[in-house]
Novice: 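I have a structure here, written as structure tokens, and I will follow up with some questions on it.
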Amino acid sequence: MEVMKMKFKNRRSVQELLGLRGFTRYGLSTTQGELLFFQVAPTNISVLSQANIAIKIRHLMMVLSALPELEITCTDASECFDGNKAYLSARLEDEPNAKVCRLIQKDIAALDELQAEMSTARQFLFTARCKNLKPEQLFQKANTVEKRISEQGFEVHRMKKPEIKRFLALYFESFQPL
């Protein structure tokens with residue numbers, strides 16, 4: 001029994017392994033400082049002229065020059081349905097009732113269609129790392145970052161706790177086990 005207690009005592013939570021402390025008023029506290037998250041609305045460059053695309057690239061370069069500490073992340077804006085489709089496919093193989101099989105096939109087709117529609121939906125995030133800043137300095141830093149991004153013509157907003165949680169869920173879901 002002592003060995004079991006010791007094993008459980010030495011286990012670390014996922015939050016600890018990732019260095020996450022918790023959510024704050026402005027972002028996410030980590031062992032390395034605070035992370036501020038900003039979501040930037042994507043621009044459909046397929047409808048822009050070459051000149052306008054060059055301008056957008058220049059504006060992004062100006063943001064990154066003004067805020068070199070920013071990190072950019074691009075993720076799918078929605079979850080992946082592979083787990084659900086794998087479950088339905090396994091059910092399909094085991095199901096003896098032909099009517100239920102047709103319903104399962106329709107469900108798989110609906111998930112495929114939904115995933116195809118959402119696969120082009122991306123979200124772009126800028127993350128600012130802040131170390132050793134007081135709350136009022138964090139507030140000022142968050143406002144400065146948001147203002148600088150906005151000044152270059154990007155539609156931006158500071159992410160709140162529910163949005164950050166959703167982003168983290170999508171981000172970590174995208175990793176496939178080895």
Novice: Can you check whether T31 reaches L20 side chain to side chain, under 4.5 Å on heavy atoms?
Specialist: no

Novice: Which residues pass the side-chain contact (heavy atoms from CB on, under 4.5 Å) test with D94, sequence neighbours left out?
Specialist: none

Novice: Give, for atom NZ of K141 and atom CG of L36, the distance between the pair rounded to the nearest 0.5 Å.
Specialist: 8.0 Å

Novice: Test of understanding: clusters of I, L, V, M, F, W, Y form through side-chain heavy atoms closer than 4.5 Å, transitively. Do M62 and I55 belong to the same one?
Specialist: no

Novice: For the residue pair E163 and Q39, what are the closest heavy atoms and their distance?
Specialist: OE2-OE1, 4.1 Å

Novice: Over all heavy atoms of both residues, which pair between A128 and V145 is shortest? Give the atoms and the distance, please.
Specialist: CB-CG2, 4.4 Å

Novice: From S89 OG over to Q105 CD, what is the distance, rounded to the nearest 0.5 angstrom?
Specialist: 9.5 Å

Novice: What do you reckon, is CG of N97 surrounded by more than 12 foreign heavy atoms closer than 6.0 Å?
Specialist: yes

Novice: Cluster question for you: counting only ILVMFWY and a side-chain heavy-atom cut-off of under 4.5 Å, with indirect links fine, are L88 and L103 together?
Specialist: no

Novice: Using a 3.5 Å cut-off and no angle test, enumerate the donor-acceptor pairs between side-chain atoms of residues 21-28 and protein atoms at least two apart in sequence or in another chain.
Specialist:
unit_1	atom_1	unit_2	atom_2	d
T24	OG1	Y26	N	3.3
T24	OG1	G27	N	3.0
T24	OG1	G27	O	3.4
T24	OG1	E34	OE2	2.2

Novice: Using a 3.5 Å distance criterion without hydrogens, assess whether the side chain of T144 forms a donor-acceptor pair with backbone atoms of Q140.
Specialist: yes

Novice: Quick one: CD1 on I108 to CG on L111, what's the gap to the nearest 0.5 Å?
Specialist: 8.0 Å

Novice: Drop me the distance from R148's CZ to S65's OG, to the nearest 0.5 angstrom.
Specialist: 11.0 Å

Novice: Output yes when E69 and R129 qualify as a salt bridge under the 4.0 Å nitrogen-oxygen rule, no when they do not.
Specialist: no

Novice: Take R91 and V100 through the side-chain contact (heavy atoms from CB on, under 4.5 Å) test and state the conclusion after the steps.
Specialist: CA-CA 10 Å; R91 278 282 324 271; V100 174; 4.1 Å; yes

Novice: Which is it for L35 and E71 under the side-chain contact (heavy atoms from CB on, under 4.5 Å) test, yes or no, and what are the steps along the way?
Specialist: CA-CA 10 Å; L35 300 175; E71 299 172 22; 5.9 Å; no

Novice: To the nearest 0.5 angstrom, please state how far the CE atom of M159 sits from the CZ atom of R166.
Specialist: 9.0 Å

Novice: Rounded at 0.5 Å granularity, tell me how far OG1 in T127 sits from CZ in F38.
Specialist: 9.0 Å

Novice: Show your working on side-chain contact (heavy atoms from CB on, under 4.5 Å) between T73 and F167 and close with a plain yes or no.
Specialist: CA-CA 10 Å; T73 306; F167 160 69; 4.0 Å; yes

Novice: Is there a side-chain contact between V40 and E155 (heavy atoms, below 4.5 Å)?
Specialist: no

Novice: Please walk me through it: do L67 and F126 pass side-chain contact (heavy atoms from CB on, under 4.5 Å)?
Specialist: CA-CA 10 Å; L67 303 163; F126 289 178; over 6 Å; no

Novice: For K134, does its backbone N or O pair with a side-chain atom of Q137 as donor and acceptor, under 3.5 Å?
Specialist: yes

Novice: Nearest heavy-atom pair of C101 and L92: which atoms, and what distance?
Specialist: O-CD1, 3.5 Å

